[in-house]
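The structure follows.
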Amino acid sequence: MDHSATFEDLLHARYGGAVPPAAVPEPGVFRNLLAHRSVRAFAPDPLPEGLLEALVAAAQSAPTSSNMQSWSVVAVREPGRKARLAELSAGQGFIRQAPLFLAFLADTSRLARLGQREGIELQGLHYLESLLVASIDAALAAQNVVVAAEALGYGTVYVGSLRNKPVEVAEVLKLSPGAVAMFGLCIGRPDPAVSTEIKPRLPQALVLHKEQYQTTDSAEAASVAEYDATLAAFSERQGMGAGNGWIRRMINRLATAASLSGRDTMRESVQRLGFPLR
Ligand SMILES: Cc1cc2nc3c(=O)[nH]c(=O)nc-3n(C[C@H](O)[C@H](O)[C@H](O)COP(=O)(O)O)c2cc1C
């Protein structure tokens, strides 16, 4: 994080254009959150002893639905295993480079085993709801890791492409039935030779609705067009191609089943991994 950046500087970077009238009495934690950017180039140095366990303590401190704690995390440092996971995750090279890769699991298997020991089949685990709960809890836990790691100067990037081949990933990680890797998280020291800017987000008016959801097509289209231009300029500054705005990216990301990079068969994969999804 640029330590000279004020809360207002960071707000400008976060929105690019119109800045919301945000005000806080103590900007401390907001400065860390607003300064977030994903890091995709890492220095090779390993993480210090005890940091993994500290990060997982932060993760376990997140709220969790009914205290069910139906998530787990597999910490992968072994280069061969990281390389295999990178291959299964669209070949993203930074997975190999990062000294630590965390695979976050929606994990109902522990509760299923608890039920078996008690001689009761926990039928609630058979429903889609249980996968949603486990996934939400896993995401909340992971984001605590991101916030804690960034506060210490580490960089992170989530890896959603870990869901491209969930059955193969489950084999690599030897997951129990009832556990599925929802996403990965790379952690390491950012490579000092590569600088990344804060990526602007949608104008706040598109996301924040006061009292009731309100939108009109024309206002939304105008704000989206504004954001499209902001993101195109960002992409150009980052060397990610001129004229590559948000609209085109969203269309490419979502237009067809093939745009989902294998995740269009997620229901079947998750069922094979032991989630009936009733
Ligand atoms: C669940 C999730 C999965 C993601 N998967 C990937 C990924 O597979 N590869 C990647 O390069 N970035 C991935 N990202 C990072 C997003 O692309 C990034 O957060 C977004 O573009 C905003 O940029 P910023 O994090 O730098 O602000 C993922 C983010 C999330 C939250």
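Keep in mind it's a predicted model, so treat the numbers as computed, not measured. First listed ligand is number 1; within each ligand, the first listed atom is number 1.
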For this session: Output the list of atoms in ligand 1 that are nearer than 4.0 Å to some heavy atom of Gln92, sorted by atom number.
Result: 7 (C), 8 (O), 9 (N), 10 (C), 11 (O)
Exercise. What closest approach, in Å, do Asn32 and Glu150 show between heavy atoms, and which atom pair accounts for it?
Worked result: O-OE1, 4.3 Å
Problem set entry | Under 3.5 Å side-chain donor-acceptor pair for Ser70 and Asp107 | no
Exercise. What is the ring orientation for Tyr158 with Phe183, classed by angle as parallel under 30°, tilted 30 to 60°, or perpendicular over 60°?
Worked result: perpendicular
Exercise. Distance only, no hydrogens: is a donor on one side chain within 3.5 Å (strictly under) of an acceptor on the other, for Gln69 and Thr64?
Worked result: no
For this session: For Lys199, take its heavy atoms, then give the atoms of ligand 1 lying under 4.0 Å from any of them.
Result: 20 (C), 21 (O), 22 (C), 23 (O), 27 (O)
Exercise. Pick from Val73, Val145, Leu47, Leu100: which one makes a side-chain contact (heavy atoms from CB on, under 4.5 Å) with Leu52?
Worked result: Leu100
Problem set entry | Per-atom contacts of ligand 1 with Gly160, taking only distances under 4.0 Å to non-hydrogen atoms | 3 (C), 4 (C), 5 (N), 6 (C), 7 (C), 8 (O)
Exercise. Distance only, no hydrogens: is a donor on one side chain within 3.5 Å (strictly under) of an acceptor on the other, for Thr6 and Asp9?
Worked result: yes
Exercise. Of the choices Ala90, Ser38, Pro200, which has the non-hydrogen atom that lies closest to atom 25 (O) of ligand 1?
Worked result: Ser38
For this session: Name the closest protein heavy atom to atom 12 (N) of ligand 1, giving the residue it belongs to and the distance to 0.1 Å.
Result: Arg40 NH2, 3.2 Å
Seminar exercise, completed: So the atoms of ligand 1 within less than 4.0 Å of a heavy atom of Arg37 turn out to be 26 (O)
For this session: Using the side-chain hydrogen bond (donor to acceptor under 3.5 Å, both in side chains) rule, take Gln238 and Thr196 through it: C-alpha gap first, then chi angles, then the decisive distance, then the call.
Result: CA-CA 7 Å; Gln238 294 288 290; Thr196 30; 5.6 Å; no
Problem set entry | ligand 1 contact by Arg201, heavy-atom criterion under 4.0 angstrom | yes
For this session: Just jot down the ligand 1 atoms closer than 4.0 angstrom to any heavy atom of Val157, in number order.
Result: 12 (N)
Seminar exercise, completed: Contact region, Tyr158 to ligand 1, non-hydrogen atoms below 4.0 Å, reads both
